[in-house]
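These notes concern the structure reproduced below.
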Amino acid sequence: MARYNAKTVEEKWQKIWAEGRVFEARPDQKGPKYYVLEMFPYPSGRIHMGHVRNYTLGDVVARYKRAKGFNVLHPMGWDAFGLPAENAAFKNKVHPAKWTHENISVMRGQLKRMGFAFDWSREFATCDPEYYGQQQALFLDFFEAGLAYKKEAWVNWDPVEHTVLANEQVINGCGWRSGVPVERRKLAHWFFKITDFSEQLLNGLDKLDRWPAKVRLMQENWIGRSEGARVNFSLKGRDDHLEIFTTRPDTLFGASFCALSADHPLSEQLARENPDLAAFLKECRKLGTSAEAIEKAEKIGFDTNLKALSPVGDGRELPVYVANFVLMEYGTGAIFGCPGHDQRDLEFARKYNLPVPPVVLPEGEDAKTFEIGDEAYTGPGTMINSGFLNGLKDNEAVSKIIAFLEKEGAGKREITYRLRDWGVSRQRYWGCPIPFIHCPSCGSVPVPREDLPIRLPEDVEFDKPGNPLDHHPTWKHVTCPKCKGQAVRETDTLDTFVDSAWYFARFTAPAAKLPVDKTQANYWLPVDQYIGGIEHAILHLLYARFFTRVLKKLRLLDVDEPFTGLFTQGMVTHRTYRDEDGSWVLPANLKQLEDGSFVRADNGKKVKEGRYEKMSKSKNNVVDPSDIIDQYGADTARWFVISDSPPERDLLWTEAGIEGAWRFTRKVWRLVNRVRENLDRAPAKAGEKLESAEEDILRLTHKTIDGVSKDIEIFHFNKAVARIYEFVNGLTAAPATLQRSHGFREGVFTLVKMIGPMMPHLAEEAWQQLGHKTLLANEPWPEVDKHYLAVETITIAVQVMGKLRDTLETAPGTDQAELEKMALQSDKVQRAINGKDIKKVIVVPDKIVNIVIE
RNA sequence: GCCCCCGUGGCGGAAUUGGUAGACGCGCCAGACUCAAAAUCUGGUGGCCUUCGGGCCGUGUCUGUUCGAGUCAGACCGGGGGCACCA
């Protein structure tokens, strides 16, 4: 028997699959369609274990579904625009295109060595002009549909990256990549009108029952729907009024002040005549972006001396403040404060000595004595001190007050969302150019479609900060498509989240003349199973859902949701190690001493073990997939990443674990060879003993098929692996005579088929060694023969007072009286009863007998 | 602060609707093969006690519901994640 040589076997089958174009998807192939997609990678340089895990999970699904008779689409491409390419250009004087394409080439090679069943014929990169040209066409479609617009807006400016960040790219007031505090600037900026779809995006979540509940909840919170009312407050001595959004219009009688955002137009207007207020606004803006402010969060205000008139007809005048805790971006940028029933308003009122009238009385309290102390009362109750609302429940009061406001013309019912429009302009070179031209006489003019794609210029320098497109001597200077006068191109490029918001649709027809080929998209979409990291739970997934709805509106396809199934996998972690100097030590650079402790292999310094953390260069705890493939082969790596941990949890990478997977690889190979060596010998003669042993093998085989299939369907890959281990143990333990039996051969054939999705090269080689001429990749999944699932005996647990005392072997379906009799005959049970009176016997057929005594 | 998830052997993790806790793997121990090692195979492996029959304890802690709780309920402790002045 030849020792299993993973390298030659894996290369051999990868070549055969590629030459036979085995995994290329065509819509005319038979079977229901199944689109499985893993989040495409950013070409950062080399693949990491996170990629290996992600793409192995997807590949198991793709190969399994293929075997189950589905017409599977499983494509791969590159999310190729983005900042790191420009950083590399700046640092190493390499052109972003060159850097990106070299990385793609390396990573493609690494992925191919993993043996994933991708349809490589559909590969594209988002930096291909064919792709971003279509994206520019889509941008024009958005514009024509009123879904892309330009406005002056406060934007988050990253002073290090010299670019605008989306709200969601600002984390604790700092840029998500640069980590430095962002500044607020007013800039002309392109937006996509995602807010038009707030309601749809929220309601659509209900149908996504194959998404993790956690992700749906995160999206729900992100969209942030609130029901309430828009209320007008007249301003004493002025013609204008304040518009305020509130979710608690029932507490209007409890209002004791109004507060404006520092960015509210009225605040700015007042500040022009009031230098103190101007200084306060400046202070607020500074606070708004510093990390410190978030920690302290002291509520401060500035009294404008304006008085707002209570809109509920009680004639009260409320002071108007500008307050640091009011956001311009949410609601109307102005609030009324009801300190009795809102904690933040209460803190504010206490600070500025404002009244705190209670208007909602909790159950069991007396209206005469009820007072608000240090905590606002936010629960339900009965209205008091509220004029015509008195005596109503708070929710009844909401309807009544809204009806009142509507009648008075002082307000109306309103629903608001936290979700903001998506700012997509980036001051960057390495992104999709926005197809607009700015003409001094015609304004912003769309680029005619026949001029697409607008290609990025190749001759660019990265010697100074800012956007190279802006510095380019010729690229931006063009004639206006309308008046033919001198004009300039838009030099901003699109946020890279735009690139990934529709790539899954492009995969269905990557060479289509339109952005999306409707026939192909309607055939393949939606993606049946999408797999990726939880870090994209909000942004990417929400943008893709938005794009899909727009594509439908543009009549480019007919589906609402892009991904009907979503799976989010956990991180790949590894133990961390530090030496005496505190520097992180690479796992590959460890040497274990006799006593079990570690030292550095290079300089012998003592090393301390740390905790398991996500593999990262900074912690120096990475294991390079290529090293693992070199040492053990792709199949072993694939097997290990799906074997121990459930895929949604973090995977602990261990050297012992990968060794164990490698041992299993060889064990399967030995088992296959045992059958192969006996193939040309006649099957063993069926004696009585052999017959029953053979039956046992067949029963185990079919039980395993049943279990493994079910486990794969629900992503319990680690359990499928455990079942396969048990199966292999069962087969290995079979006596030599049995190994020539038909049943045993059947068992090993089945084993080979079942490891196909997980260790495809080994399985394919074994299939051939076992005398088959077909490709295993084209073989159907084994069928369960229900006959073998029937059990002859089952084990019944017998408890006395809930404690296990004995077990009984019996046929399934044995009746209760019989079970009780059998249980009482047991010596062990009698000993436990110890002569006491039996109060009750509980019998659950096929499960348990529990005897209750005095 | 609010919301969500998770706590099971030395480790990763199993355990349909409440019904034999610890499947399977790793590690460890013992044995077989070998001059030896590697590889492989076999057996054992939650803790404590044991007259070797077995007994007691045990799923973060404490209460409760139940004939019966890892599973359900309440309170708490610990770990992880998300959101965060959202009116």
Side-chain angles (χ1 to χ4, degrees), chain A residues 3 172 212-215 217-218 220-222 224-226 228-229 231 244-249 251 258-259 261 287-288 293-294 296-299 323-327 329-338 341-345 347-348 416-419 534-535 537-538 570 612 639-640 643-646 648-661 663-664 666-667 670 710 716 718-729 732-733 795-808 827-828 831-832 839-844 846-853:
Chain A
R3 191 183 155 87
N172 287 337
K214 181 166 68 166
V215 175
L217 186 71
M218 282 163 75
E220 194 181 316
N221 291 338
W222 188 259
R225 182 182 197 270
S226 345
V231 187
I244 278 171
F245 175 75
T246 176
T247 55
R248 293 296 303 273
T251 64
C258 286
S261 161
L287 270 171
I294 287 157
K296 290 197 175 157
E298 196 194 353
K299 283 137 197 62
N324 64 341
F325 63 84
V326 182
L327 303 173
E329 296 81 33
Y330 186 77
T332 59
I335 64 159
F336 78 79
C338 175
H341 306 285
D342 182 287
Q343 188 59 32
R344 195 189 38 208
D345 294 347
E347 284 169 32
F348 191 84
T416 14
Y417 297 89
R418 205 190 81 114
L419 184 67
I534 187 79
E535 66 274 20
I538 298 174
Y612 280 87
W639 184 256
F640 176 62
S643 58
D644 272 358
S645 304
E648 68 277 10
R649 284 203 220 168
D650 288 353
L651 169 72
L652 276 58
W653 185 278
T654 62
E655 320 313 311
I658 188 76
E659 279 289 341
R663 260 201 304 278
F664 178 72
R666 285 172 300 175
K667 191 170 179 175
R670 281 195 304 275
K710 284 175 182 161
H716 288 180
N718 56 321
K719 283 163 69 183
V721 164
R723 287 179 201 280
I724 290 173
Y725 277 130
E726 278 179 290
F727 188 29
V728 168
N729 288 344
T732 312
T795 309
I796 306 278
V798 183
Q799 299 179 337
V800 177
M801 295 300 280
K803 279 190 181 170
L804 182 74
R805 294 300 170 184
D806 201 0
T807 56
L808 306 171
D827 290 344
K828 288 174 184 172
R831 225 179 301 142
K839 253 171 75 179
K840 196 168 162 190
V841 179
I842 285 136
V843 182
V844 182
D846 295 352
K847 285 263 166 78
I848 203 163
V849 177
N850 188 13
I851 295 159
V852 185
I853 55 179

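Quick note on labels: first sequence line is chain A, next is B, and so on, each numbered from 1.
Across all strands, A:Arg225 comes closer than 4.0 Å to no nucleic acid atom at all (heavy-atom distances). When heavy atoms are screened at a 4.0 angstrom cut-off, A:Leu652 is found touching the sugar-phosphate backbone but no base atom. When heavy atoms are screened at a 4.0 angstrom cut-off, A:Thr247 is found touching the sugar-phosphate backbone but no base atom. Counting any heavy atom pair closer than 4.0 Å across all strands shown, A:Val852 reaches sugar-phosphate atoms only and no base atom. Within 4.0 Å of A:Leu217, counting heavy atoms only, lie sugar-phosphate atoms of the nucleic acid but no base atom. Counting non-hydrogen atoms under 4.0 angstrom, A:Lys667 reaches the backbone sugars and phosphates but no base. Among the atoms of the strands shown, base atoms are found under 4.0 Å from some heavy atom of A:Thr795.
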Please set out all donor-acceptor pairs under 3.5 angstrom arising from side-chain atoms of residues 648-661 of chain A, sequence neighbours excluded.
residue	atom	partner	partner atom	Å
A:Asp650	OD1	A:Met571	N	3.0
A:Thr654	OG1	A:Gly657	N	2.9
A:Glu655	OE2	A:His574	NE2	2.7
A:Glu659	OE2	A:Tyr632	OH	2.9

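The gap from the C1' atom of B:C77 to that of B:G68 amounts to 27 Å, rounded to the nearest Å. Taking atom P in both B:G53 and B:U45, the straight-line distance is 15 Å, to the nearest Å. The same atom, C1', is picked in B:C6 and in B:U71; the two are 15 Å apart, to the nearest Å. A gap of 27 Å separates the P atoms of B:G1 and B:C72, to the nearest Å.
For A:Tyr725 and B:G25, the shortest distance from a side-chain N or O to OP1 or OP2 is not below 4.0 Å. Residue A:Asn729 places at least one side-chain N or O closer than 4.0 Å to OP1 or OP2 of B:G25. For B:U16, the OP1/OP2 oxygens have no side-chain nitrogen or oxygen of A:Lys710 closer than 4.0 Å. For B:C86, one of the phosphate oxygens OP1 or OP2 lies less than 4.0 angstrom from a side-chain nitrogen or oxygen of A:Arg344. Between A:Arg418 and the phosphate of B:A84, there is a side-chain N or O to OP1/OP2 separation shorter than 4.0 Å. Phosphate proximity of B:C24 to A:Asn718: absent, as no side-chain N or O sits under 4.0 Å from OP1 or OP2. OP1 or OP2 of B:C56 has at least one side-chain nitrogen or oxygen of A:Arg805 nearer than 4.0 Å. For the OP1/OP2 pair of B:C26 and a distance below 4.0 Å, the side-chain nitrogens and oxygens of A:Arg663 include at least one atom meeting the criterion.
When distances run from any side-chain atom of A:Lys719 to the nucleotides B:G54, B:A14, B:A84, the shortest one goes to B:A14. For A:Arg670, whose side chain is taken as the heavy atoms from C-beta onward, the closest listed nucleotide among B:G12, B:A87, B:C41 is B:C41. Relative to the side chain of A:Asn850, the nucleotides B:C86, B:G12, B:G68 differ in distance, and B:G68 lies closest. Among the nucleotides B:U20, B:C56, B:C24, the one closest to any side-chain atom of A:Leu804 is B:U20.
RNA chain B is contacted by both A:Val721 and A:Ser643; A:Ser643 maps to the nucleotide lying nearer its 5′ end (nearest heavy atom per residue). Comparing A:Gly802 and A:Ile848, the nucleotide of RNA chain B nearest to each residue sits closer to the 5' end for A:Ile848.
A donor N or O paired with an acceptor N or O is not found under 3.5 Å between the base of B:U16 and the side-chain atoms of A:Lys847.
Glycosidic conformation of B:G25 is anti; the angle lies outside 90° of 0. Against the 90° criterion about 0, the sugar-base torsion of B:G82 places it in the anti range.
Both key distances under 3.5 Å define a Watson-Crick or G-U pair, and stretches of 3 or more such consecutive pairs in RNA chain B run B:1-7 with B:77-83, B:10-12 with B:24-26, B:27-32 with B:40-45, B:46-49 with B:54-57, B:60-64 with B:72-76.
Inter-residue side-chain proximity for A:Lys667 and A:Asn729 is flagged as met; some heavy-atom pair is nearer than 4.5 Å. Residues A:Asp345 and A:Phe325 are in side-chain contact: their nearest non-hydrogen atoms beyond the backbone lie under 4.5 Å apart.
Atom CZ in A:Arg649 sits about 13 Å away from atom C1' in B:G79, given to the nearest Å.
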